[in-house]
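Just so it is clear: chains get the letters A, B, ... in the order the sequence lines come, proteins before strands, and each one is counted from 1. These numbers come from a predicted model, not from an experiment.
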2 protein chains.
Amino acid sequence: MKYSKATNYALHTMLNLAMSNSSKPIGVQTLAEQQNVSPTYLSKILTKLVKEGMVSSVSGANGGYSLTKGWESISFLDIIFAIEGKSSLFECGLDHGPHCQIQKVMLESEEKMEEELRRQTLAGLVQTSK
Amino acid sequence: MKYSKATNYALHTMLNLAMSNSSKPIGVQTLAEQQNVSPTYLSKILTKLVKEGMVSSVSGANGGYSLTKGWESISFLDIIFAIEGKSSLFECGLDHGPHCQIQKVMLESEEKMEEELRRQTLAGLVQTSK
DNA sequence: ACATTATAGAGTCTTATAGTCTTTGATTAA
DNA sequence: TTAATCAAAGACTATAAGACTCTATAATGT
Ligand code: SF4
Ligand code: SF4
């Protein structure tokens, strides 16, 4: 069980966008160079972030990607969910009702991690990264 | 990113062993029936648990598996680590030193989950499951 | 000896991840 | 209005991981 590389790329890209804070959008070409990843692949990842409303894109010359308003409060969890999906890490298939302790423990522990990931915002990341 | 089915089997098997608490070992055949999984596959999972010292096995007629002494304090995390391995969920490959905030956040959040999984023991599970 | 049961390894099947290539569509600058 | 520039979408391929299966071997009790 590992985070996908796509999640890694997404986190770094969001940090890059947040740091550069230029008014003009940044092209996928540039973003890709900073992480040794192919532009076409990164663009698929960026499209997911756009669909979640964290990033806005503009086509055409001088186009590219930029963070949307309110980016400061985007959390790690938001980014991770955008890429990995929102479903639980533990799924047994069956459902033996509310007395199932296994599920309870697994889900609660996962929730602890998510709480922390929700607490950490892009703004906080930028703050400590520069 | 999901837990593997093997982890699921391992957790259920450990619970089954803990609940049945018979003095005689239980064969993989029996353990497999309780979860609709093939005996040969479950045996591979059990072998991992044996190697971690949580379960002891005896070959031959009337053989099978049983929990080792001190099973009460085995945690969810112990079981999960035995199957999934102990490496971190987030690995970026590179290492940009201690000022890397991305890694810091990811690892700390993971640690929160593990704390909780460490707190939950087999004994506690049995207690609330019967 | 013989039946029973765990262990080990190779081998298969399926699914998910990671990535490429190509086409289309939007936008801007000339 | 045309050409260049960029994102979006989809089909496609490749690699790796997960989820098994099969067979052979070793240990143990009767
Ligand atoms: S006991 Fe709980 S974890 Fe196990 S199969 Fe039933 S619902 Fe799922
Ligand atoms: S910045 Fe941190 S997470 Fe990113 S590659 Fe460097 S060490 Fe890894």
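- Put simply, Tyr3(B) has no side-chain N or O that comes within less than 4.0 Å of OP1 or OP2 on dA19(D).
- For the residue pair Ser88(A)/Glu110(A), the side-chain donor-acceptor check at 3.5 Å is satisfied.
- Within the 4.0 Å cut-off from OP1 or OP2 of dA8(D), at least one side-chain nitrogen or oxygen of Thr47(A) is found.
- Distances from the side chain of Val28(A) to the nucleotides dC20(D), dA6(C), dA7(D) place dA7(D) closest.
- Following rounding to the nearest Å, Lys44(B) (NZ) and dT23(D) (P) show an atom-to-atom distance of 15 Å.
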Lys2(B) vs Glu91(A), salt bridge (Lys or Arg N to Asp or Glu O under 4.0 Å): CA-CA, chis, key distance, verdict: CA-CA 8 Å; Lys2(B) 295 251 173 239; Glu91(A) 277 168 356; 3.4 Å; yes
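- Contacts of Val37(B) with the nucleic acid, taken as non-hydrogen atoms under 4.0 Å apart, are absent.
- In this model, no donor atom of one side chain and acceptor atom of the other lie less than 3.5 Å apart for Gln120(A) and Ser75(A).
- Every residue was checked against the side-chain contact (heavy atoms from CB on, under 4.5 Å) condition with Asn62(A), not counting sequence neighbours, and none meets it.
- Among the nucleotides dG19(C), dG18(D), dA8(D), the one closest to any side-chain atom of Val50(A) is dA8(D).
- When the side-chain nitrogen and oxygen atoms of Ser43(B) are compared with OP1 and OP2 of dT7(C), none of them lie within a distance under 4.0 Å.
- Counting to the nearest Å, the C1' atom of dA6(C) and the NZ atom of Lys24(B) are 17 Å from each other.
- Remark on DNA chain D: of its neighbouring residues Met1(A) and Ser38(B), the 5'-side contact belongs to Met1(A), judged by nearest-heavy-atom nucleotide.
- The interatomic distance linking Ile83(B) (CD1) with dC20(D) (P) rounds to 14 Å, in whole Å.
- Near DNA chain D, meaning a heavy atom under 4.0 Å away, the residues from residues 52-65 of chain B are Ser59(B), Gly60(B), Ala61(B), Asn62(B).
- For Lys86(B), the side-chain contact (heavy atoms from CB on, under 4.5 Å) criterion is met by Glu52(B), Phe81(B), not counting sequence neighbours.
- Whole-Å rounding puts the Leu46(A) CG to dC6(D) P distance at 15 Å.
- Electrostatic pairing of Lys112(A) and Glu116(A) does not count as a salt bridge here, judged by no charged N lying under 4.0 Å from a carboxylate O.
- One can place CD of Gln29(A) at 14 Å from C1' of dA4(D), the figure rounded to the nearest angstrom.
- The CG-P distance, from Leu42(A) to dC6(D), rounds to 15 Å in whole Å.
- In this structure, Glu72(B) contributes its side chain and Leu122(B) its backbone to no donor-acceptor pair below 3.5 Å.
- For the OP1/OP2 pair of dC20(D) and a distance below 4.0 Å, the side-chain nitrogens and oxygens of Tyr9(B) include at least one atom meeting the criterion.
- The CG atom of Leu89(B) sits 15 Å away from the P atom of dA17(D) (whole-angstrom rounding).
- Using a 4.0 Å cut-off, some side-chain N or O of Lys51(A) falls inside it from OP1 or OP2 of dA9(D).
- Atom pair Lys48(B):NZ and dA8(C):C1' shows a separation of 14 Å (rounding to whole Å applied).
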